Protein chains: 2
Amino acid sequence: MEPTHLHPPVRCRMIDEVLSLIGDKWTIYVVVMLGQGKRRFSELKREVDGISQKMLTVTLRGLERDGYVTRTVHPTIPPRVDYELTELGRDLLVPVRALGDWASRHEARVVDARIRYDTRLAQAAE
Amino acid sequence: MEPTHLHPPVRCRMIDEVLSLIGDKWTIYVVVMLGQGKRRFSELKREVDGISQKMLTVTLRGLERDGYVTRTVHPTIPPRVDYELTELGRDLLVPVRALGDWASRHEARVVDARIRYDTRLAQAAE
DNA sequence: CTGTATCCTACGTGATACTG
DNA sequence: CAGTATCACGTAGGATACAG
């Protein structure tokens, strides 16, 4: 059966699973970064831009728990921890990138729509 | 140029546009609902399950602002307001559904991964 | 280097009451 | 019916300090 054709309540529950994944501020960024290959903690910290150490840890733990990434500790000094997408994680990258690509193609239209909406609002206020 | 192949910082900004859209709790649900056709306020309120009146209003305003839905007021008594996806909104439905379908296909694996992770954690704690 | 622990703030969200 | 306004709360998330 095609999930797309399930009735509304069921679809919502399905989507809920994804939302819990991408609903937070950083998960998608981290997944996309790891999509370019294995990364260590400090590399991600540097690359994911504004992320705090705390949120990177929290995000990675969540991804590990859900089976999207593996965490490999190298018992060296100083310690080194590598994070890598699992097959499931790499698979997730496909729809996530589709969404990202869509966004990049339609970004301008959204920005335009916002400007028009805000302008209309401001005029109505006068 | 294929957006998928842009370098990391650019991709992140693109994804950011989508995240601001789907980052909140209700937007996706409402979009999916409207994907099945025009709806009035009270119908959405009933169908989107746990949503409050306030959040439905907020969500719809955001979608309208971004150009994903149109808002049509019928000056009748009692008032009637119809919401409908624009072409942009219907277009967005494609990658959103792809993500939903992916979730429905892989839901079980994520649940399994969580159970395994939590079990391992609990054992390690003993 | 890779975390964990604690505190603190801001914001999203819900409940409730009111309006056109 | 379709909102708006106000309050009250919980939690996400940042800053900081500390640990292995």
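What you see below is based on every heavy atom in this structure, not just the backbone, and it leaves out hydrogens, waters and symmetry mates. What you see is a predicted model, and the numbers here were worked out from it, not measured in a lab. A note on names: the letters A, B, ... follow the listed sequences, proteins ahead of strands, and every chain is numbered from 1.
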- prompt: Should we say atom CG of B:Asp112 is surrounded by more than 12 heavy atoms from elsewhere, each under 6.0 Å from it?
  reply: yes
query: What pair of heavy atoms forms the shortest contact from A:Val31 to A:Leu85, and how long is it?
result: O-CD1, 4.0 Å
task: Using atom CG of A:Leu44 as one end and atom P of C:dC1 as the other, report the distance to the nearest whole Å.
output: 14 Å
field: Strand contacts (DNA chain C) in residues 53-61 of chain A, 4.0 angstrom heavy-atom criterion
entry: A:Gln53, A:Lys54, A:Thr57, A:Arg61
query: What residues, two or more places apart in sequence or in another chain, satisfy salt bridge (Lys or Arg N to Asp or Glu O under 4.0 Å) together with B:Arg80?
result: B:Asp82
task: Quick one: pull up CZ in A:Arg40 and OG1 in A:Thr72 and give me the separation to the nearest 0.5 Å.
output: 12.5 Å
message: List the residues meeting side chain to side chain donor-acceptor pair (under 3.5 Å) with B:Asp91, not counting sequence neighbours, and say none if there are none.
response: A:Trp102, A:His106
query: Taking atom CZ of A:Arg97 and atom CD1 of A:Ile28, what is their separation to the nearest 0.5 Å?
result: 11.5 Å
statement: Per-helix bend value, the helix from C:dC1-D:dG20 to C:dG20-D:dC1, C1' rotation axes over five pairs per end, 10° rounding, shows 40°
- prompt: Quick one: A:Arg40 CZ to C:dG3 P, roughly how many Å, whole number?
  reply: 10 Å
A:Pro79 vs B:Pro78, nearer the 5' end of DNA chain D by closest nucleotide: B:Pro78
- prompt: Does anyone know the first and last nucleotide of DNA chain D in reach of chain B, 5' to 3', at under 4.0 angstrom to a heavy atom?
  reply: D:dC1 to D:dC7
message: Distance alone, cut at 3.5 Å: any donor-acceptor contact between the side chains of B:Arg39 and B:Tyr83?
response: no
- line: In whole angstroms, the gap separating P of C:dG14 from NZ of B:Lys45 amounts to 10 Å
query: For residues B:Thr27 and B:Asp24, is any side-chain donor paired with an opposing acceptor at under 3.5 Å?
result: yes
- prompt: Residues in salt bridge (Lys or Arg N to Asp or Glu O under 4.0 Å) with B:Arg46, at least two apart?
  reply: none
message: Using side-chain heavy atoms (C-beta onward) and a distance below 4.5 Å, is B:Glu43 in contact with B:Met33?
response: no
